[in-house]
Visitor: 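Got a structure for you, questions after.
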Amino acid sequence: MIKAITGTKDILPIDIPKWKYLESIVESTMKTFNYKEIRTPIFEETALFSRGIGESTDIVSKEMYSFVDRSGTSVTLKPEMTASTVRAFMEHSLGKQQGLNKLYYVSPMFRQERPQAGRYRQFHQFGAEALGSHEPLIDAEMIILAHRIISRLGLNNIEIKINSLGIPESREKYKIILKEFIKPHFEKLTEDSRKRFDTNILRIFDSKADNDQQIMKDAPLLIDHLDEESLKHFETVKQILDKAKIKYDVDPKLVRGLDYYTHTTFEILSSSVGAQSALCGGGRYNLLAEQLGGNPTPAIGFAAGIERILLACENEKSLNLPEDNIDLYIVRMDKELTAEAYELSVIFRNENINVELDYLSRSVKAQMREANKLNAKFVLLIGGDEYAQKKLVLKNMETSEQIFFDINDLISIKEKIIN
RNA sequence: GUGGGUAUAGCUCAGUUGGUUAGAGCGUCUGGUUGUGGCCCAGAAGGUCAUGGGUUCAAAUCCCAUUACUCACCCCA
């Protein structure tokens with residue numbers, strides 16, 4: 001039997017209410033902050049991601065689902081939304097229509113990694129991107145927005161980490177200082193970290209190996225080598241967060257894996273999921289638009305993993321979903337009345353009443369059991385003596401009360417069901 | 001890509017040191033007097049014990065391989 005591809009999941013009817021609920025929270029919160037939804041294609045030219053995210057990043061170097069289409073173009077299933085959003089922003093000159101564009105999205109993403117708890121090959125993110133402002137106000141808003149959604153979902157065991165990566169000039173200067181510090185310890189580093197020494201030295205801070213952490217414990221920090229303006233920007237962001245009563249920790253070792261980040265970066269972590277504890281990550285990317293061939297555009301955004309968030313909700317039992325039910329179940333007592341029963345269902349469905357009935361020629365008992373299982377508010381019984389006397393029986397399933405209606409008085413039945 | 005764990009009914013799992021026709025709970029279906037749910041009761045259906053090989057008189061059980069799932073590393077949402 002053919003099964004779903006490794007790392008992909010079917011979202012079955014039983015799980016849909018959770019997804020819908022989360023999506024409704026995302027949608028309404030985004031509206032509160034006046035972010036507008038954007039939808040971009042599921043795949044793009046490969047060059048968009050390799051240039052935007054960075055050739056040396058793991059995403060581009062080993063995780064992308066890329067293939068050559070029949071016209072010979074290399075295309076890639078989107079591994080994240082920022083590059084696509086910036087592409088669409090530039091392609092449609094959104095920046096010329098207004099100074100600041102506040103956009104959000106909910107979309108599947110694709111990365112070919114080994115799956116584990118909270119990590120899939122097709123996964124789903126929601127996120128926001130604000131393009132056009134360099135003000136620290138919008139940096140803070142991103143964090144407040146992400147935090148707002150996560151707290152509306154009832155998650156408690158979370159932690160916000162923020163950091164600033166400053167501007168490339170000061171970062172390059174700092175990298176030289178860091179290299180000088182690490183050089184004497186180079187041989188003691190793990191193999192992975194020795195590789196990072198050349199490719200992306202900042203990420204040695206991320207290493208979970210005790211040995212590496214011991215070495216990096218006393219390393220000079222980027223935050224102590226920021227230029228004055230970056231530092232001031234960062235201070236302002238923190239002040240706004242303080243006033244918004246958002247709790248956060250400054251983590252000078254928070255280094256994010258994508259090349260395009262500048263200034264503020266942040267993550268929201270949960271202790272309610274497995275090792276993949278980042279529910280949400282984001283930061284400022286002032287240089288990306290230019291790098292992709294557009295006008296320089298200051299911008300910031302975040303992305304949040306829906307599967308991870310739902311996993312945390314599950315583990316914290318934070319979602320209070322309404323129970324599923326239907327308005328009316330039509331029970332036919334005689335098989336000869338199947339057509340009449342169906343006719344009634346059509347009429348009530350046209351009145352926007354949720355109706356179900358039996359399609360398997362089952363007994364009255366079985367139909368009643370089904371109605372009960374479906375949490376039907378009412379059952380309409382058709383057949384028997386009452387039907388011979390041109391009556392229908394409407395049973396309230398909660399109170400067991402039965403009311404008789406004239407067979408042509410469907411309006412009264414409808415009234416009863418609605419009220 | 002690397003390492004650990006797991007694989008028995010639709011689901012969650014038992015299965016004793018290898019020993020008859022492989023079990024339970026839940027779910028499904030049918031019924032518990034002619035026409036009515038929940039609770040309860042009775043019955044039924046449903047399994048190539050992941051797949052392929054090996055050891056043995058005998059394998060769900062032991063060994064090997066494969067596949068899938070899962071957790072962790074790398075990295076990320």
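In what follows, chains are A, B, ... by sequence order, proteins preceding strands, each numbered from 1.
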Visitor: For B:A45 and B:C29, measure between their C1' atoms and round to the nearest Å.
Guide: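 Between the two C1' atoms, the distance is 7 Å.
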Visitor: Scan residues 7-25 of chain A against RNA chain B and write down, sorted by residue number, each residue with any heavy atom closer than 4.0 Å; if none is found, say none.
Guide: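 Residues of residues 7-25 of chain A under 4.0 Å from RNA chain B: A:Lys9.
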Visitor: Taking NZ, NE, NH1 and NH2 as the nitrogens, is one of them in A:Arg87 or A:Glu44 under 4.0 Å from a carboxylate oxygen of the other?
Guide: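 Counted as a salt bridge, because a side-chain N and a carboxylate O are separated by less than 4.0 Å.
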Visitor: Give a yes-or-no answer on whether the side chains of A:Ser272 and A:Glu316 include a donor-acceptor pair shorter than 3.5 Å.
Guide: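 On atom types as modelled, these side chains qualify, holding a pair under 3.5 Å.
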Visitor: OP1 or OP2 of B:U30 less than 4.0 angstrom from a side-chain nitrogen or oxygen of A:Ser363, does that happen here?
Guide: no
Visitor: Without decimals, in angstroms, what is the distance between A:Glu113 CD and B:A72 P?
Guide: 13 Å
Visitor: Expressed in whole Å, how much space separates the P atoms belonging to B:A42 and B:G5?
Guide: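 Roughly 43 Å separates the two P atoms.
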Visitor: Figure out the CG/P separation between A:Leu337 and B:U36, and round it to whole Å.
Guide: 16 Å
Visitor: Hey, does A:Glu307 reach any base, or is it just sugar-phosphate, or nothing, if we go heavy atoms under 4.0 Å?
Guide: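 Contact class for A:Glu307: none.
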Visitor: Give the rounded distance in Å between these two atoms: CG of A:Leu380 and C1' of B:G37.
Guide: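 So the CG-C1' distance, A:Leu380 to B:G37, works out to 15 Å.
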Visitor: Between B:U8 and B:U48, how far is it from one P atom to the other, in whole Å?
Guide: 12 Å
Visitor: Could you tell me whether A:Lys390 and A:Asp406 make a salt bridge, using a distance below 4.0 angstrom between a side-chain N and a carboxylate O?
Guide: no
Visitor: Please confirm whether any donor atom in the side chain of A:Arg114 sits under 3.5 Å from an acceptor in the base of B:G3, or the reverse.
Guide: yes
Visitor: Looking just at side-chain N and O atoms, do A:Arg152 and A:Thr29 make a donor-acceptor pair shorter than 3.5 Å?
Guide: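 Yes - a donor-acceptor pair under 3.5 Å links their side chains.
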Visitor: Between A:Gly274 and A:Lys365, who's closer to the 5' end of RNA chain B by nearest nucleotide?
Guide: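 Checking each residue's closest nucleotide, the 5'-ward one belongs to A:Lys365.
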Visitor: Any carboxylate oxygen within less than 4.0 angstrom of a Lys/Arg side-chain nitrogen, looking at A:Glu113 and A:Arg121?
Guide: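 The answer is no: the pair does not qualify as a salt bridge.
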Visitor: Both atom distances under 3.5 Å, Watson-Crick or G-U wobble: I'd like the secondary structure of RNA chain B as a dot-bracket string, with | for pairs made across strands.
Guide: (((((((..((((.....[...)))).(((((.......))))).....(((((..]....))))))))))))....
Visitor: Any donor-acceptor pair under 3.5 Å linking the side-chain atoms of A:Ser107 with those of A:Lys78?
Guide: yes
Visitor: What's the gap between B:G27 and B:G35 when it is taken at their P atoms, as a whole Å value?
Guide: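 Between the two P atoms, the distance is 27 Å.
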Visitor: Look at the side-chain N and O atoms of A:Arg203 and state whether any lies under 4.0 Å from the OP1 or OP2 oxygen of B:C76.
Guide: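 Yes, within the criterion.
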Visitor: Can you tell me which nucleotide in B:A72, B:C76, B:G35 comes closest to the side chain of A:Arg111?
Guide: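 The listed nucleotide nearest to A:Arg111's side chain is B:C76.
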Visitor: If we take the P atom in both B:A50 and B:U12, what is their distance in whole Å?
Guide: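 My reading of the P atoms in B:A50 and B:U12 gives 15 Å.
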Visitor: When you measure from the side chain of A:Lys3, which nucleotide among B:A68, B:G37, B:A72 comes out closest?
Guide: B:A68
Visitor: So what does A:Glu63 hit on the nucleic acid, given a heavy-atom distance under 4.0 Å: a base, only sugar-phosphate, or nothing?
Guide: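 Sugar-phosphate, backbone atoms only, no base.
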Visitor: Taking any heavy-atom pair under 4.0 Å as a contact, classify A:Ala278: base, sugar-phosphate, or nothing.
Guide: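 Result for A:Ala278 = sugar-phosphate.
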Visitor: Within this structure, what is the CD-to-P distance between A:Glu370 and B:G38, rounded to whole angstrom?
Guide: 13 Å
Visitor: On the side chain of A:Arg362, is there an atom forming a donor-acceptor pair with the base of B:U30 - under 3.5 Å, no angle test?
Guide: no
Visitor: Determine whether more than 12 heavy atoms belonging to other residues, nucleotides or ligands lie under 6.0 Å from atom CD1 of A:Ile14.
Guide: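 No, CD1 of A:Ile14 has 12 or fewer neighbouring heavy atoms, counting only those of other groups under 6.0 Å.
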Visitor: What is the nucleic acid contact for A:Leu279, judged by heavy atoms within less than 4.0 Å: base, sugar-phosphate only, or nothing?
Guide: sugar-phosphate
Visitor: Take atom CE of A:Met397 and atom P of B:C39, then tell me their distance rounded to the nearest Å.
Guide: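 Those two atoms, CE and P, are 12 Å apart.
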Visitor: Does the side chain of A:Thr6 get closer than 4.0 angstrom to OP1 or OP2 of B:C69 through an N or O atom?
Guide: yes
Visitor: Rounded to whole angstrom, note down the C1' distance from B:U66 over to B:U30.
Guide: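 Per the computed distance, 43 Å lies between those C1' atoms.
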Visitor: Atom CG of residue position A:Asn375 - does it have more than 12 heavy atoms of other residues, nucleotides or ligands inside 6.0 Å?
Guide: yes
Visitor: Measuring to OP1 and OP2 of B:C73, would you say a side-chain N or O of A:Gln276 lies under 4.0 angstrom away?
Guide: yes
Visitor: CE of A:Met368 versus P of B:G38: gap in Å, rounded?
Guide: 9 Å
Visitor: For RNA chain B, find the residues of residues 119-130 of chain A with a heavy-atom distance under 4.0 Å and give them by number; none if there aren't any.
Guide: A:Arg119, A:Tyr120, A:Phe123, A:Gln125
Visitor: Using a cut-off of less than 4.0 Å, is there contact between a side-chain N or O of A:Arg369 and OP1 or OP2 of B:G38?
Guide: yes
Visitor: With heavy atoms under 4.0 Å as the rule, sort A:Ala376 into base, sugar-phosphate or nothing.
Guide: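 No contact at all - A:Ala376 keeps every heavy atom at 4.0 Å or more from the nucleic acid.
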Visitor: From the list B:G38, B:C71, B:U36, which nucleotide is the closest neighbour of the side chain of A:Ala117?
Guide: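 So the side chain of A:Ala117 is nearest to B:C71.
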Visitor: Between A:Lys183 and A:Glu180, is there a salt bridge with N-O shorter than 4.0 Å?
Guide: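 Here A:Glu180 pairs with A:Lys183 in a salt bridge, since their nearest N and O are under 4.0 Å apart.
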Visitor: Would you mind classifying the nucleic acid contact of A:Asp334 as base, sugar-phosphate or nothing, using non-hydrogen atoms under 4.0 angstrom?
Guide: nothing
Visitor: Could you tell me how far apart A:Ile403 (CD1) and B:U36 (C1') are, to the nearest whole angstrom?
Guide: 16 Å
Visitor: Would you call the rings of A:Phe67 and A:Phe43 parallel, tilted or perpendicular, taking 30° and 60° as the class edges?
Guide: parallel
Visitor: Hey, can you tell me if A:His225 and A:Tyr174 have their rings parallel, tilted or perpendicular (30° and 60° cut-offs)?
Guide: tilted
Visitor: Taking for each residue the nucleotide of RNA chain B with the nearest heavy atom, is it A:Lys395 or A:Lys373 whose nucleotide lies nearer the 5' end?
Guide: A:Lys373
Visitor: A:Gln291 and A:Tyr285: side-chain donor and acceptor closer than 3.5 Å?
Guide: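 Looking only at side-chain atoms, A:Tyr285 and A:Gln291 do not form any donor-acceptor pair under 3.5 Å.
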Visitor: Using only side-chain N and O atoms of A:Gln116, determine if any of them is under 4.0 Å from OP1 or OP2 of B:C73.
Guide: yes
Visitor: If the threshold is 4.0 Å, N to carboxylate O, is there a salt bridge linking A:Arg39 and A:Glu37?
Guide: yes
Visitor: Once hydrogens and angles are ignored, does a donor-acceptor distance under 3.5 Å link the base of B:G37 to the side chain of A:Gln367?
Guide: no
Visitor: Rounding to an integer number of Å, can you tell me how far A:Lys62 NZ sits from B:G1 P?
Guide: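 Result: 11 Å.
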Visitor: Would you say A:Glu398 has more than 12 foreign heavy atoms packed within less than 6.0 Å of its CD?
Guide: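 Counting other residues, nucleotides and ligands, CD of A:Glu398 stays at 12 neighbours or fewer.
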Visitor: Determine, for A:Lys247 against A:Glu159, whether the closest basic-nitrogen to carboxylate-oxygen distance falls under 4.0 angstrom.
Guide: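 The answer is no: the pair does not qualify as a salt bridge.
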Visitor: How far, in whole Å, is B:G15 from B:C49 if one measures between their C1' atoms?
Guide: 10 Å
Visitor: Could you give the distance separating B:G10 and B:U28 at their C1' atoms, to the nearest angstrom?
Guide: 8 Å
